There are 2 protein chains.
Amino acid sequence: MSNRPAATTPPTSADVARLAGVSRATVSFVLNDTAGGRVGEQTRQRVRAAAAELGYVPHAAARSLRAGRTGVVLLAGSAAPIGPLFSEFYRELQGALRRHGYTSVLYGPSPGEGDEPARAWAELRPAAVLCMEPVLTPAGVDLLHRSGTRAVFSMSTAPVAGAHALIIDQPEVGTVAGAHLLAAGRRRLGVVIPADPELDQFSGPRLAGVRAAAASAGTGPVETLSLDYTEASGAAAAARCRELGLDGVFCYNDEYAMLLQRSLQDLGVDVPRQVALVGADDLLLGRLLRPRLSTVGMTLLSGETLATLIDQAIADPTAPPGTQNLLTLRLITRDSS
Amino acid sequence: MSNRPAATTPPTSADVARLAGVSRATVSFVLNDTAGGRVGEQTRQRVRAAAAELGYVPHAAARSLRAGRTGVVLLAGSAAPIGPLFSEFYRELQGALRRHGYTSVLYGPSPGEGDEPARAWAELRPAAVLCMEPVLTPAGVDLLHRSGTRAVFSMSTAPVAGAHALIIDQPEVGTVAGAHLLAAGRRRLGVVIPADPELDQFSGPRLAGVRAAAASAGTGPVETLSLDYTEASGAAAAARCRELGLDGVFCYNDEYAMLLQRSLQDLGVDVPRQVALVGADDLLLGRLLRPRLSTVGMTLLSGETLATLIDQAIADPTAPPGTQNLLTLRLITRDSS
DNA sequence: CATGGCTGCTTACACGTGCAAGCGTTACAC
DNA sequence: GTGTAACGCTTGCACGTGTAAGCAGCCATG
């Protein structure tokens with residue numbers, strides 16, 4: 001980060017006051033429409049004109065320093081390539097937070113270990129932190145609270161002590177898919193796992209869910225197929241699938257499912273006769289392949305709803321942390337299973 | 001935005017100073033490892049221990065108020081559903097900016113008209129603004145500069161006066177695709193336009209590019225097919241395509257292309273014999289359909305490169321705004337054209 | 001022993017803002 | 001004519017930080 005001085009300093013409210021021939025307080029009263037401050041109409045106009053002429057813009061840092069609160073909601077997390085579903089969700093959430101008067105700051109992947117991420121977030125004195133990565137510790141939550149953060153939300157599979165929990169029941173995705181395959185009479189199950197390690201936090205729990213379903217049905221072990229989302233890797237996974245004699249595969253999402261389906265077909269394997277496939281996300285594209293892809297449809301809580309939840313939690317920081325399920329699942333059976 | 005007072009105020013450097021039995025300046029010297037400030041080793045340890053005990057975290061707003069600069073890079077724009085290509089790009093850019101010592105703030109869709117967006121951005125006193133929506137005006141750029149923003153970047157088809165230009169040559173995407181279809185002997189061209197009005201800023205220029213190619217080849221008018229990314233809409237577009245007797249269609253991107261291709265095939269139209277298709281983005285999924293989808297492959301500048309560019313522009317705000325092409329195109333001919 | 005420099009720390013100000021309290025003037029009621 | 005209230009504006013402090021300048025004490029040098 002470079003630190004050369006600016007060419008010219010931006011106008012402050014003092015400059016506006018000077019130009020309008022009034023005190024700085026008057027400027028503040030006028031520009032903020034403060035209830036208590038009574039200012040005559042012609043003075044108001046002089047102040048507004050002066051502000052416009054100078055191109056005055058208030059200084060958010062100074063304002064929130066004085067006010068003691070920032071109106072920043074920190075969205076911490078990798079903003080990973082987690083598909084259109086979550087992209088749309090963030091988009092919605094961000095718009096809704098804006099409507100509630102908050103500024104959302106995307107913090108990106110968390111630096112460091114232990115408390116470091118929480119410490120870095122706390123520097124911004126956000127009103128709330130929404131953590132979407134599995135890096136939040138109870139100690140981190142405590143640190144945030146002690147530094148004035150009014151609400152901390154964790155968005156993950158399991159709750160974090162002290163934080164409001166937004167549960168994304170990843171295992172249930174696997175369980176729904178696994179139970180479906182088992183109910184259709186499949187017995188040798190496999191699960192496609194993305195090779196990208198950043199997706200492990202999502203794929204691991206889903207795999208566990210399939211295993212749980214298999215265990216309760218009393219079938220054999222569930223195999224894993226690693227896929228790095230290239231055609232070559234797809235062919236390898238398809239070959240391995242045939243070797244292992246799998247007859248039902250749950251794929252991490254529809255994109256991976258489509259790749260595996262094509263690779264299996266290229267190998268002469270009949271889908272769904274020999275191998276049944278289930279994806280996740282219900283992408284439109286999954287309906288374009290033949291056979292049409294079966295999938296686990298997922299609906300997230302609306303951004304507006306979550307924004308309201310966050311606003312309430314900020315309003316009452318003393319309320320005990322709640323738990324909210326973010327995800328609604330439904331199995332959509334098409335032709336691939 | 002709710003504004004109840006916090007339960008307890010966070011510790012400040014004054015609290016740390018009191019606990020360590022030193023002055024506040026000493027605390028600052030120790031915690032920032034300031035070169036000029038000379039502090040004895042045992043005092044350093046006392047200060048560090050006190051800071052740890054209180055859970056002290058510096059106040060970013062106060063710090064940047066005092067410093068006069070923020071290290072914030074504002075990424076303004078809708079963060080629209082613009083596909084995996086741009087998602088990955090933002091992700092990279094954000095990480096690279098972090099590495100350069102900046103905090104990236106995603107501002108989301110811009111509020112208001114005229115100068116309002118620029119005014120809202122300026123409140124944060126960002127070191128740089130990167131605007132990815134066509135809402136930046138020369139007056140807005142000027143306002144930002146006058147309020148201390150050291151570098152303004154516009155990311156769009158055409159440059160904006162006063163701002164560094166990151167050109168995304170959308171028309172060229174259409175031109176490349178159109179020229180290809182024309183070279184293959186197609187004469188009745190069509191272009192698929194997403195119904196989502198938020199994508200008009202991208203689809204419009206691409207359409208113009210196709211029209212330019214058609215004009216220079218001296219063919220008839222280029223038709224447009226509106227598509228809202230549902231199967232029903234795909235069927236309608238395919239029917240219209242046949243009615244119009246089109247023999248070559250450029251689709252906004254691969255997803256729309258895949259939908260149209262499937263819809264045409266369901267209608268019994270032979271792709272590419274009767275209608276040739278070209279998409280854009282070179283998605284892996286486009287290779288899974290049969291025939292494999294021809295596409296305009298796009299490569300963006302690396303996030304690291306852009307971050308370096310931004311850093312340099314911040315370091316020297318007086319340098320005249322430069323122009324940089326963000327996009328590299330290449331036509332990938334497969335089987336659908 | 002006086003001078004000067006170094007060490008280790010403190011005092012004091014500035015950054016830009018919001019708001020409580022104060023203060024002079026006018027208007028009105030008694 | 002005097003008390004009182006409302007109006008219209010200003011003075012002054014606080015928010016939490018970084019850093020220039022200053023100030024004792026100490027040692028080395030002359």
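Remember, predicted model here, so these are calculated numbers, not experimental data. Throughout, protein chains are lettered first and strands after them, A, B, ... in sequence-line order, and every chain is numbered starting at 1. Hydrogens, waters and symmetry mates play no part in the numbers below; they use all other heavy atoms, side chains included.
- Backbone-only contact: T43(B) has heavy atoms under 4.0 Å from sugar-phosphate atoms and none from a base.
- Across the protein-nucleic acid pair, N32(A) atom CG and dG16(C) atom P stand 17 Å apart, rounded to whole Å.
- Remark: T12(B) is not in phosphate contact with dG16(D), judged by side-chain N or O atoms under 4.0 Å from OP1 or OP2.
- Side chain of L65(A), nearest nucleotide from dT17(D), dG22(D), dG16(D): dG16(D).
- Within the nucleic acid shown, S13(B) comes within 4.0 Å of sugar-phosphate atoms alone, with no base atom in reach, counting heavy atoms only.
- For L31(A) and dT17(C), the CG to P distance is 10 Å, given to the nearest whole Å.
- Distance D15(A) CG to dG16(C) C1': 11 Å, rounded to the nearest Å.
- Out of dC9(C), dG8(D), dT11(D), the shortest distance to the side chain of R38(B) is found at dC9(C).
- Atom C1' of nucleotide dG16(D) and atom CD of E123(A) are separated by 13 Å, given to the nearest angstrom.
- Applying the 3.5 Å distance criterion, the base of dG18(C) shares no donor-acceptor pair with the side chain of R63(A).
- If you check the side chains of S23(B) and T26(B), you find a donor sitting under 3.5 Å from an acceptor.
- Looking at heavy-atom distances under 4.0 Å, G40(A) makes contact with sugar-phosphate atoms alone, never a base.
- For R24(B) against dG18(D), a side-chain-to-base donor-acceptor contact under 3.5 Å is present.
- Cation-pi geometry between R24(B) and F29(B) is not satisfied (NZ or CZ under 6.0 Å from the ring centre, within 45° of the ring normal).
- One N or O on the side chain of T149(B) and one on the backbone of L144(B) form a donor-acceptor pair closer than 3.5 Å.
- Contact annotation for T26(B): base contact, defined as any heavy-atom pair under 4.0 Å involving a base atom.
- Atom C1' of nucleotide dG18(C) and atom NE2 of H59(A) are separated by 15 Å, given to the nearest angstrom.
- Set against dT19(D), dT17(D), dT17(C), the side chain of R66(A) has dT17(C) as its closest nucleotide.
- With distances taken from any side-chain atom of A62(B) to the nucleotides dG16(D), dT11(C), dG18(D), the minimum falls on dG16(D).
- Distance from the side chain of A25(A) is smallest for dT11(D) among the nucleotides dA14(C), dT11(C), dT11(D).
- Figure legend: R146(A) and Y56(B) shown without cation-pi pairing, the cationic atom not lying both under 6.0 angstrom from the six-membered ring centre and within 45 degrees of its axis.
- Note that OG1 of T103(B) and CG of L124(A) are 6.0 Å apart. Values are rounded to the nearest 0.5 Å.
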